[in-house]
Amino acid sequence: MAEIQNKEIIKRDDNFADWYTSIVKKADLVDYTSTKGSMIIRPLGYAIWENIVNVLDSEFKKLGHENVQMPMFIPESLLNIEKEHVEGFAPEVAWVTHGGKEKLPERLCVRPTSETLFCEHYKKIIKSYRDLPILYNQWCTIVRWEKTTRPFLRSREILWQEGHTMHATSKEAMDETLRMLKVYEDFQKNYLALPVIVGEKTEKEKFAGADKTYTIEAMMYDGYALQNGTSHYFGDHFAKAFGIEFLDKDNKLKTPYQTSWGCTTRMIGAIIMTHGDDQGLVLPPKIAPTKVIIIPIGKISEENKAYLKAKELKEELLNAGITVKIDETDKTPGYKFAEAEVKGFPIRLEIGNRDLENNVVTLVRRDTREKITCKIDDITKEIPKLLDTIQDDMYNRALERRNSMLYEANSYEELSELSKKPGFVKINWCGNSECEDKIREEFGLKSRCIIEDEKADGKCPICNKDGKHKIYFGRQY
RNA sequence: CGAGAAGUAGCACAGCUUGGUAGUGCACCACGCUUGGGACGUGGGGGUCGCAGGUUCGAAUCCUGUCUUCUCGACCA
């Protein structure tokens, strides 16, 4: 094989961080700008995001959520209403201080999240139990002034979705919190092929102002965790702070209960870091903007039968509902193959005169790079099947790898030993923040989440008291 | 925000030590030839050397500051 010159990708196992950055650039997902942490999402990156938005948005709507658009600015006094919330966000808020040349009487924060805006609005529109529940969502960008930034994983301007709901009872709000957590979990498993772990955050790690925070934790190829979505139960904290009340059936004034839940473009980072390989991006078929890239062998000319057939097949696949592109550049096939792999198209369809003679095409799976000969007449039948297989195989490979990096430590010594390995370590935890802090200081691990469906069955490895929860610890992005 | 590294054409880099008219490969454009894993030939276009100051007759090169990117920490719904 000729030497790959300027599309070289750092080897994944040599330097995972560099590899990630090189994929993001080589696959043309983003470009940098002159402002730190503000990235341009290029067509391929944005098309992936659009697919994520389309699927999630329709899921939300099926459950009765309605989209709204809130302002981008929050007056300081409004942000300050809920104490824990403002303390949690103050360090990473960007402020607008001037309008034109004039200093503003009150500075405005660029929303880092919109709880306060929703609450201000809810106070106006909620009067009766008949107004509840309110199930609003918005797709927007938010700003958090992060000190260290990385494309998709941690940027200053973030594309996301934030759902904010109000309910008459605490139970209803808690059900909603868990219902949306499940939506995220299913989406990430079924569409993004990410074997995620769900559970509750500890007191220390929960959202500023929430009663309970539930999280979707994905494990990347290198064993690091990526928090890939959260769902919060607020109880009536915010509602009380904002004076939101409704008249219930029993003619009594009550405070409603609230949730919020969000996920971001960080999920694209998770796709890259879970599925990508030394050749480039590998996109799960269900979220890939273009499922099939057709590469005609030979000259791109009306005289080349392979090219003419390629155009026919493109139409045929489009009619069958399969998104497809045809590479009509005059590069050599090898160049096109490599380029198609960098960009992660799930299936590459090669067609040359040799194939035509036998009435077949060559299909190449991106995930395994396996070549498959397929009869031309069967492609609209075989390609959807192959896409499903790729999707399933990608999930199963990721699951297997993740499971191979899940450990359990039953003593301080075991924890000390396992903390050196990439992956998550499960322990029995006494529930005390001090032990959580110690694990962080001594081993560099942060709590990921409390495992919901597993009971503690031993001692906390730090203080040796009875465990209250099973909990995962790990390093994070 | 701390420590380290880097910024020269779209990309990867050389040139800097020892100051003297901006280079290479790939990519791009035209034509030709080719096409089953990153071809080839000929011709061509593209850079105020990240930005701002300073030293100097003269700065990509030396000095100061600053911005951005990367790595490792700290911080981080």
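In what follows, every chain begins at residue 1, and chains take the letters A, B, ... in the order their sequences are listed.
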Nearest to the [X] side chain among [options], which nucleotide is it?
X         : options                   : answer
Gln476(A) : rG38(B), rC76(B), rC11(B) : rC76(B)
Thr149(A) : rG38(B), rC75(B), rC70(B) : rC70(B)
Thr21(A)  : rC70(B), rC1(B), rG36(B)  : rC70(B)
Lys371(A) : rC11(B), rG38(B), rG37(B) : rG37(B)
Lys446(A) : rG36(B), rA74(B), rC76(B) : rC76(B)
Lys26(A)  : rC11(B), rU35(B), rC75(B) : rC11(B)
Pro333(A) : rA12(B), rU71(B), rU35(B) : rU35(B)

Which part of the nucleic acid does [X] contact within heavy-atom distance under 4.0 Å: base, sugar-phosphate only, or nothing?
X         : answer
Pro296(A) : nothing
Ser260(A) : nothing
His85(A)  : nothing
Arg440(A) : sugar-phosphate
Thr264(A) : base
Gln227(A) : base
Lys201(A) : nothing
Asn353(A) : base
Lys299(A) : base
Tyr32(A)  : sugar-phosphate
Gly444(A) : nothing
Glu341(A) : base

What is the distance from [atom1] of [X] to [atom2] of [N], rounded to the nearest Å?
X         : N       : atom1 : atom2 : value
Lys36(A)  : rU66(B) : NZ    : P     : 15 Å
Glu350(A) : rG37(B) : CD    : P     : 8 Å
Glu92(A)  : rA74(B) : CD    : C1'   : 14 Å
Glu146(A) : rC1(B)  : CD    : C1'   : 13 Å
Phe16(A)  : rC72(B) : CZ    : C1'   : 17 Å
Ile40(A)  : rG10(B) : CD1   : P     : 14 Å

Classify the ring geometry of [X] against [Y]: parallel below 30°, tilted from 30° to 60°, perpendicular beyond 60°.
X         : Y         : value
His469(A) : Trp429(A) : tilted
Phe207(A) : His85(A)  : tilted
Phe234(A) : Phe238(A) : perpendicular

Once you apply the 3.5 Å cut-off to both distances, tell me the Watson-Crick or G-U wobble partner of [N], or none.
N       : result
rC28(B) : rG44(B)
rA9(B)  : none
rA59(B) : none
rU71(B) : rA3(B)
rG38(B) : none
rC49(B) : none
rU21(B) : none

Between [N] and [M], how many Å separate the two [atom1] atoms, rounded to a whole number?
N       : M       : atom1 : result
rU21(B) : rC49(B) : P     : 15 Å
rC16(B) : rG54(B) : P     : 26 Å
rG44(B) : rC26(B) : P     : 16 Å

Check whether the side chains of Asp367(A) and His275(A) place a donor and an acceptor atom closer than 3.5 Å, and report yes or no. no
For the residue pair Glu115(A) and Thr113(A), confirm or rule out a side-chain donor-acceptor distance under 3.5 Å. yes
Is the CD atom of Glu452(A) crowded by more than 12 outside heavy atoms at less than 6.0 Å? yes
In terms of heavy-atom contacts, does OH of Tyr46(A) have more than 12 from other residues, nucleotides or ligands at under 6.0 Å? no
Arg156(A) and Glu146(A) ion-paired at < 4.0 Å: no
Both Ile351(A) and Ile158(A) contact RNA chain B. Which one's nearest nucleotide lies toward the 5' end? Ile351(A)
Residue mapping more 5' on RNA chain B - nearest nucleotide basis, Ser34(A) or Val364(A): Val364(A)
Short question: side chain of [X], backbone of [Y] - any donor-acceptor pair under 3.5 Å?
X         : Y         : value
Asp355(A) : Gly352(A) : yes
Gln161(A) : Cys263(A) : yes
Ser22(A)  : Trp19(A)  : yes

Between [N] and [X], is there an OP1 or OP2 to side-chain N/O distance shorter than 4.0 Å?
X         : N       : answer
Arg42(A)  : rG10(B) : no
Arg150(A) : rU71(B) : yes
Thr332(A) : rU35(B) : no

Pick out the pairs of N or O atoms, protein on one side and nucleotides 28-30 of chain B on the other, that lie under 3.5 Å.
from, atom 1, to, atom 2, distance (Å)
rC28(B), OP1, Lys331(A), NZ, 2.9
rC28(B), OP2, Lys331(A), NZ, 3.0

Ignoring hydrogens and angles, answer whether the base of rG36(B) and the side-chain atoms of Asp355(A) contain a donor-acceptor pair closer than 3.5 Å. yes
With hydrogens left out and only the distance checked, is there a donor-acceptor pair under 3.5 Å joining Arg154(A)'s side chain and the base of rC76(B)? yes
